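Before any comments, here is the structure.
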Amino acid sequence: MLLSEEQISLADAARDWLARRTDLAAARADGAALAALYSADDVRAAAELGLTSLLRPAEGGTFADLAVVVEELGRAGSPLPLGQAALVARLLDQIGIGAAVSDAVAEGSALAVPAAAEPDDAAISGVPGADGTLVLASRAAVVVGGLGAAWLLVSAAIGDDRALALVPAASVTRTARTTLDLSRDIAAVDLHGVTVPAGDWTRVGADVAETLDQALAIIHTLDAVGAAGRLLDLTVGYVKEREQFGRPVGSFQAVKHHAATMAVDIEASRLCGHDAARTLDSGDLVAAGTAVAVAGSVAGEGTSRAASTALQLHGGMGFTWEHDLHLFLRRIKVDELVRGTPRRHRERLVATAG
């Protein structure tokens, strides 16, 4: 069984809550401020449901549970970076810094998101000072939720080692990225010369660094799966109603085949994404790395292909600004590109097999 009964209940609760809280019209508003896509009340309400504290050890949640929530965020087209925030709260508890920030995230009084270099970008570097500080350099080109977050958990390289540093978002230069995705705030973060005080950063082992990288990849994979599932529902509903030659277009065999192919692509992507999350829970980071790469490859292409088919089956209606289809298509395409393209994931699989 893909999901437990508890996870199915979690998915249902998250879906109902997100349906009430997500305003897709705001994403379509011409010149809308990205920071206005969600409110502080939305964050607090998410915390009350336990969504921002889901991965904290005291809560007993797993990456498999988080995967359920992330898929529903994508399905709703939600701007809330709840998967990223839950991941930060877990890591802060694990590495023993930022206890107050972790509590604030769990309580919904602040958002914190990871800031890490993309797989093909140069690593963010850090230089330890004699006084225990860490001076950062470089930039994080893509930080989802970076404009609305109060804190950033920066993944940095110190020579061959890795470190995690907690940085107030107000202390860095954040620039809104103009991307295809209209439903989320995405920022570029300049970290050149940022000094992190002693106690707000720590060296971490390869297991922590890999967990961060793999969890971020899973978050984007399953976000795209959720968005693609929403497109399938929209498409099936549309072809049942749209008539041509006196018949619903959904009754034509070619249209049925296209819709069935969408469903197969999405289900294969879903299975791979949830398998990657469960493998990450196992603690076997080698196996998790392989599962994440498989999911990134299969879902990256499968959800993008499903989005293109949805656009085709909607015909001219799918190109209109007023229709929600393009919002989910845009989101899926961005999810396909961040945290490793399908080609990048396949290259990792080949390197592992070699």
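We use all heavy atoms of the structure for the numbers below, so side chains are in, but hydrogens, waters and symmetry mates are not. Values in this document were obtained by computation on a predicted structure and should not be read as measured data.
- The closest side-chain heavy-atom distance from Leu164 to Ser155 is below 4.5 Å.
- The aromatic rings of His323 and His314 sit perpendicular to each other, their planes meeting at more than 60°, with 30° as the lower class boundary.
- Test Leu216, Ile186, Val338 against Val144 for side-chain contact (heavy atoms from CB on, under 4.5 Å) and you get one pass: Ile186.
- Nearest approach of Ala295 to Cys272, heavy atoms of both residues: CB-O, 3.5 Å.
- With hydrogens and angles disregarded, no donor-acceptor distance shorter than 3.5 Å links the side chain of Ser102 to the backbone of Ala99.
- If you take CG on Leu66 and CG on Leu55, they are separated by 4.5 Å, rounding to the nearest 0.5 Å.
- Listed for the Asp185 side chain is a donor-acceptor partner under 3.5 Å among the backbone atoms of Leu147.
- Counting heavy atoms from C-beta outward, Leu136 and Val167 have side chains that approach closer than 4.5 Å.
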Derivation and outcome, side-chain hydrogen bond (donor to acceptor under 3.5 Å, both in side chains), residues Thr133 and Asp131:
CA-CA 6 Å; Thr133 61; Asp131 57 354; 2.8 Å; yes

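- Closest of all the heavy-atom pairs between Trp201 and Val196 is CD1-O, 3.8 Å.
- A donor-acceptor pair under 3.5 Å is formed between the side chain of Arg174 and the backbone N or O of Gly146.
- For the pair Ser171 and Val194, the tightest heavy-atom approach, listed with the atom from each and the gap, is O-CG2, 4.4 Å.
- With hydrogens and angles disregarded, no donor-acceptor distance shorter than 3.5 Å links the side chain of Ser53 to the backbone of Arg56.
- Of the possible donor and acceptor atoms, one in the side chain of Arg230 sits under 3.5 Å from a partner among the backbone N and O of Arg75.
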As a quick check of understanding, evaluate side-chain hydrogen bond (donor to acceptor under 3.5 Å, both in side chains) for Arg330 and Ser183, giving each step before the final call.
CA-CA 9 Å; Arg330 289 164 179 263; Ser183 62; over 6 Å; no

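- With Val101 as reference, Leu92 is the one residue of Val88, Leu92, Leu153 to meet the side-chain contact (heavy atoms from CB on, under 4.5 Å) rule.
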Full working for salt bridge (charged side-chain N to carboxylate O under 4.0 Å, His left out) between Arg344 and Glu347:
CA-CA 5 Å; Arg344 181 75 164 71; Glu347 288 174 349; 5.0 Å; no

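- Neither Val294 nor Val286 shares a network with the other; the hydrophobic side chains, linked directly or stepwise wherever heavy atoms of I, L, V, M, F, W or Y lie under 4.5 Å apart, form separate groups for each.
- When side chains are defined from C-beta on, Thr290 counts as touching Leu349, because their heavy atoms get closer than 4.5 Å.
- Within the 4.5 Å cutoff, side-chain heavy atoms of Leu212 are placed close to those of Leu91.
- Checking side-chain atoms of Asp281 against main-chain N and O of Ala64 turns up a donor-acceptor pair under 3.5 Å.
- The distance from the CG atom of Leu180 to the NE2 atom of His326 is 11.5 Å, given to the nearest 0.5 Å.
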Steps toward salt bridge (charged side-chain N to carboxylate O under 4.0 Å, His left out) verdict (Arg162, Asp207):
CA-CA 10 Å; Arg162 290 281 292 273; Asp207 56 336; over 6 Å; no

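- Looking only at distances, no side-chain donor or acceptor of Ser297 sits under 3.5 Å from a matching main-chain atom of Ala293.
- Listed here is the closest heavy atom pair of Lys333 and Ser304: NZ-OG, 2.8 Å.
- For the pair Asp42 (side chain) and Ser39 (backbone), a donor-acceptor distance under 3.5 Å is present.
- Counting heavy atoms from C-beta outward, Ile97 and Asp200 have side chains that stay 4.5 Å or more apart.
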Derivation of the side-chain hydrogen bond (donor to acceptor under 3.5 Å, both in side chains) call for Ser9 and Asp12:
CA-CA 5 Å; Ser9 296; Asp12 290 341; 5.6 Å; no

Can Leu280 and Val292 be said to form a side chain to side chain contact (heavy atoms under 4.5 Å, CB included), step by step?
CA-CA 9 Å; Leu280 187 56; Val292 168; 5.8 Å; no

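- To the nearest 0.5 Å, atoms CG (Asp335) and OG1 (Thr221) are separated by 8.0 Å.
- Gly340 and Glu118 get closest at one heavy-atom pair: N-OE1, 4.4 Å.
- Among all heavy-atom pairs drawn from Val105 and Ala89, the shortest one is CG1-CB, 4.2 Å.
- One distance of note links CG of Leu73 with CD of Glu71; it measures 10.5 Å at 0.5 Å rounding.
- Note: Leu313 CG to Leu234 CG = 12.0 Å, rounded to the nearest 0.5 Å.
- Atoms OG1 and CG, from Thr211 and Leu285 in turn, are 5.0 Å apart once rounded to the nearest 0.5 Å.
- Ser78 has its side chain out of reach of Trp17: every pair of non-hydrogen atoms, C-beta onward, lies at least 4.5 Å apart.
- In this structure the side chain of Leu327 never reaches within 4.5 angstrom of the side chain of Arg331, judged on heavy atoms.
- Side-chain atoms of Arg184 and Val334, non-hydrogen and from C-beta on, do get closer than 4.5 Å to each other.
- Leu82 and Leu152 are not part of a single hydrophobic cluster, where members link through side-chain heavy atoms under 4.5 Å apart.
- Using a 3.5 Å distance cut-off with no hydrogens or angles, the side chains of His274 and Arg278 do not pair a donor with an acceptor.
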